[in-house]
Amino acid sequence: MGRLCRFMLYVPVVFALASVAIVLLFKYVPLTCTPLMVVRKIQFCGDSAYQKRQVWIPLSGVSKEAVDAIILSEDAGFWHHKGVDVVELRRMYAAYKRGDKGLRGCSTISQQVAKNCFTFSTETCLRKVVEMYWTGLIELIWGKERILEVYLNVAEMGYGIYGIEAAAQKYFHCTAKELSLFDGAALAVCMPQPLLSNPVYAWDEKPLKIRYLAMQLKGKGGKL
């Protein structure tokens with residue numbers, strides 16, 4: 001019984017040390033394989049057309065217009081919160097109390113990175129707790145710029161498309177550095193449903209969202 005108790009005490013300590021080591025490692029090393037990529041590989045293993053495309057680039061290799069469009073669309077408070085958007089959480093909870101069953105997600109970019117890179121995205125309370133733990137670690141160890149860099153390189157942006165450089169080449173036949181404000185807005189509005197949306201057709205399917213996003217950015221003078 002004593003050995004079991006000691007073992008149970010060691011488990012969280014080992015997990016904490018290992019997780020810190022992993023986060024420290026990937027502060028400098030590109031993430032070319034994530035749990036989400038593994039899940040998709042298994043999910044589409046019977047489709048010979050499925051092929052993972054990812055081209056890792058530094059944050060400086062992405063146009064500022066595209067970066068700002070994605071931040072504004074996905075997590076407008078990214079530069080100001082500590083990983084969790086408390087204001088958005090309160091809004092979601094208030095909507096839930098009103099009986100709104102069609103709630104939109106309130107995950108920040110930091111939470112999305114934690115979920116995609118360190119969990120298997122299962123819809124359970126335990127996963128959310130683990131996600132919050134990883135979110136705190138990457139906020140503490142990586143900082144905002146590294147979190148954003150990882151996000152823009154591992155985010156799912158289409159069928160087998162991961163990262164903004166692969167998406168830019170696939171959809172706009174250019175590099176991520178050459179993406180315009182409207183290209184970035186088209187990518188941004190498709191990110192919530194990357195397997196069901198195509199940025200090439202976003203102007204036909206979601207013109208108002210793209211224009212609204214572009215107008216907001218222009219109104220902010222390029223500052224978030």
Side-chain angles (χ1 to χ4, degrees), residues 11-12 14-59 61-62 70-71 73-75 78 83-84 104-171 176 187-199:
V11 169
V14 172
F15 174 77
L17 292 175
S19 58
V20 169
I22 290 170
V23 172
L24 279 171
L25 173 66
F26 287 116
K27 181 176 182 178
Y28 307 101
V29 177
L31 283 89
T32 56
C33 183
T34 66
L36 177 62
M37 295 177 190
V38 173
V39 168
R40 292 290 188 244
K41 183 67 175 178
I42 295 171
Q43 182 180 355
F44 300 119
C45 63
D47 186 355
S48 59
Y50 180 83
Q51 181 181 4
K52 190 192 88 168
R53 302 177 188 179
Q54 182 194 34
V55 182
W56 190 277
I57 58 172
L59 183 59
V62 187
I70 290 172
I71 291 176
S73 176
E74 290 291 291
D75 182 8
F78 174 71
V84 178
R104 58 192 178 92
C106 62
S107 291
T108 63
I109 285 176
S110 302
Q111 287 175 281
Q112 291 181 55
V113 170
K115 178 182 72 173
N116 292 339
C117 295
F118 303 113
T119 79
F120 279 93
S121 302
T122 56
E123 295 300 324
T124 65
C125 291
L126 176 61
R127 195 271 295 169
K128 291 297 293 184
V129 171
V130 173
E131 176 189 303
M132 294 298 291
Y133 170 77
W134 287 106
T135 299
L137 273 186
I138 63 176
E139 281 278 341
L140 178 65
I141 297 174
W142 286 1
K144 292 293 187 181
E145 290 194 357
R146 177 58 176 176
I147 290 171
L148 185 58
E149 182 177 78
V150 172
Y151 178 71
L152 292 171
N153 276 285
V154 304
E156 188 176 34
M157 295 188 175
Y159 189 68
I161 307 297
Y162 298 94
I164 196 167
E165 178 67 23
Q169 294 178 16
K170 169 70 174 178
Y171 300 122
L187 285 170
V189 300
C190 292
M191 288 182 73
Q193 295 182 304
L195 298 182
L196 300 177
S197 305
N198 187 322

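For reference, positions follow the sequence shown, starting with 1.
- The distance from the NZ atom of Lys115 to the CG atom of Leu36 is 8.0 Å, given to the nearest 0.5 Å.
- Met157 is not listed as a side-chain neighbour of Cys190, based on a closest heavy-atom distance of 4.5 Å or more.
- Residues Tyr162 and Gly160 approach most closely at CD1-O, 3.5 Å, considering heavy atoms.
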Discussion item. Applying side-chain contact (heavy atoms from CB on, under 4.5 Å) to Val154 and Gln54, what does each step give before you reach the verdict?
Written reply: CA-CA 8 Å; Val154 304; Gln54 182 194 34; 3.9 Å; yes
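- Taking all atoms of both residues into account, the shortest heavy-atom contact from Ile109 to Tyr151 is CG2-CG, 3.6 Å.
- Looking only at distances, a side-chain donor or acceptor of Arg146 sits under 3.5 Å from a matching main-chain atom of Lys27.
- For Val29, the side chain to side chain contact (heavy atoms under 4.5 Å, CB included) criterion is met by Leu25, Phe26, not counting sequence neighbours.
- For Trp134, the ring pair (Phe, Tyr, Trp, His ring centres under 6.0 Å) partners at least two apart in sequence or on another chain are Phe118.
- Glu131 places no side-chain N or O within 3.5 Å of a backbone atom of Ala114 that could act as its donor or acceptor partner.
- Leu195 is listed as a side-chain neighbour of Glu156, based on a closest heavy-atom distance under 4.5 Å.
- Counting all heavy atoms, side chain and backbone alike, Ala168 lies closest to Ala176 at CB-N, 3.7 Å.
- Using a 4.5 Å cut-off on side-chain heavy atoms (C-beta onward), Gln111 and Met132 make contact.
- At least one donor-acceptor pair under 3.5 Å links the side chain of Asn153 to the backbone N or O of Ile57.
- Here the closest non-hydrogen pair linking Cys117 and Leu31 is SG-CD2, 3.7 Å.
- Here the shortest heavy-atom pairing between Ile138 and Ile147 reads O-CD1, 3.7 Å.
- Judged by the 6.0 Å and 45° rule, Lys144 forms a cation-pi pair with Phe78.
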Worksheet item: For Ile70 and Leu148, what are the C-alpha separation, side-chain angles and deciding distance, and is it a side-chain contact (heavy atoms from CB on, under 4.5 Å)?
Response: CA-CA 10 Å; Ile70 290 172; Leu148 185 58; 6.0 Å; no
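- The shortest side-chain heavy-atom distance between Cys33 and Val38 falls under the 4.5 Å cut-off.
- Side-chain contact check for Gln43 versus Tyr50: every heavy-atom pair is 4.5 Å or farther apart.
- In this structure the side chain of Trp142 reaches within 4.5 angstrom of the side chain of Val113, judged on heavy atoms.
- Defined by atom type and a distance below 3.5 Å, a donor-acceptor pair is present between the side-chain atoms of Tyr159 and Asp47.
- With hydrogens and angles ignored, the 3.5 Å screen pairs a side-chain donor or acceptor of Thr108 with a backbone N or O of Gly83.
- Once rounded to the nearest 0.5 Å, the distance linking CG of Leu140 with OG1 of Thr135 reads 12.5 Å.
- A heavy-atom distance below 4.5 Å is found between the side chains of Glu74 and Pro192.
- Open room surrounds NZ on Lys41; 12 or fewer heavy atoms of other groups in view lie less than 6.0 Å from it.
- Counting all heavy atoms, side chain and backbone alike, Tyr133 lies closest to Ser19 at OH-OG, 2.6 Å.
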